[in-house]
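Computed over heavy atoms, backbone and side chain alike; hydrogens, waters and symmetry mates excluded. When a residue number appears, it is its place in the shown sequence, counting from 1.
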Amino acid sequence: MIKLFPLNSVRSLQLFQLFRFASFFLVGIYFAKSNLDLKEIGIYETLMLLAGAVSYFWVSGLLNSYLAKYPNLSSSEKESSHFNVFLALTLISIAIGGALILFQDGVINLLTEKGKLPFYQLIVVYILFNNPSYITEHILLLHQKSNAILAYGLATFIGNVIALCLPIYLNYSLEDAILWLAAFAGLKFVFALIITSSYSSYKINKRLVIKLLSLSTPLILSFVITGSAQYIDGYLVSKFFGESDLAIFRYGARELPFSLLLANALSLAMVPQLALKDSLGAALKKLKSESKMLILFLFPISIVLMLSSHWFFPIIFNENFAESAGIFNVYLLLIISRMAFPQSILIAKNENKLLLTISVIELITNILISVILMLELGIIGIAYGTVIAFLMEKTILLFVVKKKWKIKSAK
C-alpha cells in the first residue's frame with residue numbers, strides 16, 4: 001500500500017498549521033483587549049482578508065500538486081525542483097503585487113464602502129514576501145524533517161504574535177504592527193531561500209515549471225471555488241454592513257481548526273490509496289473507519305463549544321464581540337460536511353472536471369442563499385448560507401460517487 005509520508009510527518013504538519021492558526025487567533029484576542037477600536041480592528045481584518053483572497057487558491061493548488069508530483073519526478077528533476085517551485089511562487093507573487101498596485105483604487109472600492117483602506121502598500125509588501133515562504137514547510141515535509149517542521153512552526157507562531165502585538169503593547173500604531181508583520185514575512189522569505197538552497201540546485205527547468213503549472217491548474221480552480229466561501233462572506237459583510245460589523249463577523253466566522261486540519265490530512269493521505277484499483281476496497285474501509293474516529297473526537301468538542309460560546313466569547317474578547325458567538329456556532333456546523341470525503345475518491349479517479357462543475361454549483365448556491373438570508377436575518381444569515389451550500393455540495397458529490405462507482409457513504 002502506498003504511503004507518501006510517514007504518519008509523524010503528517011502530524012507535524014497538522015501541528016504546524018495549528019500553530020499558524022493559533023498565532024492569528026491570539027492576535028485577535030489581544031487586539032480585542034487592547035486600545036485599538038473596532039474600526040482599526042476592522043481595517044486589520046480587511047487587510048488580512050485581502051492578503052488571503054489573492055493568495056490562498058494558487059499557493060495551495062501549486063504546492064499541493066507539487067507534493068503529489070514530487071515522488072514521481074526523475075532524479076534530475078528532483079535536484080532542482082524546489083528552486084523552480086520557489087521561483088514560480090516568487091514570480092507569481094510579484095505579478096500579483098504589481099496588479100494590486102496598478103488596480104489599487106478598484107481593489108479598495110471593492111473591499112470597502114468608503115473607498116479608503118489604510119496601509120494598503122504595506123500589505124502588498126507582506127504578500128510579496130509571505131507567499132514564497134510557504135514552500136519551507138513543504139520542503140521539510142518532502143524530506144521528512146518532522147522536528148524541523150515543528151520548530152519552524154513554533155518560530156512562525158512566536159514571530160507573528162510578536163510582530164503584531166508588541167508594537168500595540170508599546171503604544172505604537174496599527175501601521176507599525178503591519179510594518180513589523182511585513183518585515184517578519186521578509187525574514188521568512190530569506191529562510192525559505194536558505195532551505196531551498198540546502199535541498200536544491202539553482203537550475204531553471206522551464207519544462208518542469210510548465211508541467212507543474214499545467215498539473216495544478218484544475219486544482220487551483222477548485223480551490224478558487226470551494227475555498228472562496230470565507231472571502232465571499234467577508235466581502236458581503238464589508239460591502240453591506242461596515243468595518244465594525246466585519247470585525248464582529250470575522251471574529252465569529254471561525255471553524256473548529258482541528259476539523260479542517262485533520263480532515264485535509266486524511267484526504268491527502270487517502271488519495272493515492274484510493275487510486276489503486278487492487279486496494280480500493282481496503283482503502284474505502286480505512287477511509288470510513290478513520291472518518292468515524294474523527295467524528296467521535298470532533299463532534300463532542302463542537303457541541304460543547306456551541307453550548308458555551310455565548311459565555312466565553314465576551315470573556316475571551318469583550319462585550320462588543322458577544323454577537324460573534326452566534327456566528328461562531330453556525331460555522332461550527334461546517335464540521336458535518338468536513339467529515340464526508342467523496343472528493344478524495346473523485347480526485348483519485350481523475351474526475352477534476354466533474355469536481356469543478358459541482359464547485360461552480362456550490363459557489364452560485366452560496367452567493368444566492370447568503371444574500372437572501374442576509375436580507376432576512378442580517379450578518380448571521382451569511383453564515384447560514386455558507387453552511388447550506390457546503391452541505392449541498394457534499395450531498396451531490398456523495399450521490400455521484402454512489403451512482404457512478406456504486407460506492408456507498410456507509411455500510
Side-chain angles (χ1 to χ4, degrees), residues 24 28 31 37-61 92-131 174-175 177-179 181-182 185 220-254 324 327 331 359-360 362-375 378-386 389:
F24 288 102
F31 277 12
D37 57 34
L38 274 178
K39 183 177 180 180
E40 289 178 304
I41 295 175
I43 291 171
Y44 163 75
E45 292 292 349
T46 303
L47 292 172
M48 292 297 103
L49 176 68
L50 173 61
V54 300
S55 305
Y56 81 96
F57 59 96
W58 66 269
V59 173
S60 297
I92 296 173
S93 294
I94 292 173
I96 290 175
L100 287 173
I101 295 298
L102 185 62
F103 301 105
Q104 176 174 332
D105 293 338
V107 172
I108 293 176
N109 287 329
L110 186 66
L111 286 172
T112 64
E113 188 176 4
K114 298 179 180 180
K116 294 182 180 180
L117 184 59
F119 326 132
Y120 181 88
Q121 289 79 12
L122 284 179
I123 208 64
V124 171
V125 175
Y126 168 77
I127 291 168
L128 287 174
F129 287 128
N130 194 60
N131 286 342
L174 178 62
E175 181 179 11
I178 303 300
L179 177 61
L181 181 65
I220 289 173
L221 293 174
S222 180
F223 275 122
V224 169
I225 296 172
T226 60
S228 61
Q230 61 176 313
Y231 301 105
I232 292 173
D233 292 352
Y235 169 74
L236 290 174
V237 176
S238 177
K239 191 68 177 177
F240 292 99
F241 292 89
E243 292 171 342
S244 297
D245 289 306
L246 177 62
I248 291 172
F249 184 85
R250 291 273 288 177
Y251 271 56
R254 306 174 191 270
S324 300
I327 297 168
Y331 265 78
S359 296
V360 171
E362 183 270 327
L363 177 64
I364 296 172
T365 303
N366 188 4
I367 296 173
L368 291 177
I369 296 180
S370 293
V371 171
I372 292 172
L373 294 180
M374 176 189 72
L375 296 175
I379 60 175
I380 198 170
I382 298 173
Y384 277 117
T386 297

Problem set entry | Derivation of the side chain to side chain contact (heavy atoms under 4.5 Å, CB included) call for F241 and I248 | CA-CA 11 Å; F241 292 89; I248 291 172; over 6 Å; no

Nearest-0.5 Å distance that lies between atom [atom1] in [X] and atom [atom2] in [Y]:
{"X": "L117", "Y": "L47", "atom1": "CG", "atom2": "CG", "value": "5.0 Å"}
{"X": "D37", "Y": "L174", "atom1": "CG", "atom2": "CG", "value": "9.5 Å"}
{"X": "L111", "Y": "L246", "atom1": "CG", "atom2": "CG", "value": "9.5 Å"}
{"X": "N131", "Y": "I92", "atom1": "CG", "atom2": "CD1", "value": "9.5 Å"}
{"X": "Y331", "Y": "I382", "atom1": "OH", "atom2": "CD1", "value": "8.0 Å"}
{"X": "I379", "Y": "S370", "atom1": "CD1", "atom2": "OG", "value": "12.5 Å"}

For this session: Give the intermediate values and the outcome of side chain to side chain contact (heavy atoms under 4.5 Å, CB included) for residues L181 and M48.
Result: CA-CA 11 Å; L181 181 65; M48 292 297 103; 3.8 Å; yes

Those residues that, when tested against [X], pass side-chain hydrogen bond (donor to acceptor under 3.5 Å, both in side chains) (two or more places apart):
{"X": "E175", "value": "none"}
{"X": "E40", "value": "none"}
{"X": "Y44", "value": "none"}

Problem set entry | More than 12 heavy atoms of other groups within 6.0 Å of F119 CZ |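 Counting other residues, nucleotides and ligands, CZ of F119 exceeds 12 neighbours.
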
Identify the two heavy atoms, one from [X] and one from [Y], that lie closest to each other, and give their separation to 0.1 Å.
{"X": "K116", "Y": "I108", "value": "N-CG2, 3.6 Å"}
{"X": "A51", "Y": "I127", "value": "CA-CD1, 3.8 Å"}
{"X": "I327", "Y": "A253", "value": "CG2-N, 3.8 Å"}
{"X": "L128", "Y": "S93", "value": "CD2-O, 3.1 Å"}

For this session: Applying side chain to side chain contact (heavy atoms under 4.5 Å, CB included), name anything that partners I369, two or more places apart in sequence or on another chain.
Result: T365, L373, I388

Exercise. By side chain to side chain contact (heavy atoms under 4.5 Å, CB included), which residues pair with I364, not counting sequence neighbours?
Worked result: V360, L368

Problem set entry | Non-neighbouring partners of F129 that pass ring-ring contact (aromatic ring centres under 6.0 Å, His included), sequence neighbours left out |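 F129 satisfies ring-ring contact (aromatic ring centres under 6.0 Å, His included) with F189 once adjacent residues are dropped.
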
Problem set entry | Donor-acceptor contact below 3.5 Å, side chain N130 vs main chain Y126 |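 Flag not set: sc N130 to bb Y126 has no pair under 3.5 Å.
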
Problem set entry | Side-chain donor or acceptor of Y120 paired with backbone N/O of L100 under 3.5 Å | yes

For this session: Give the C-alpha distance, both sets of side-chain angles, the deciding distance and a yes or no for side chain to side chain contact (heavy atoms under 4.5 Å, CB included) between L110 and Y235.
Result: CA-CA 8 Å; L110 186 66; Y235 169 74; 3.8 Å; yes

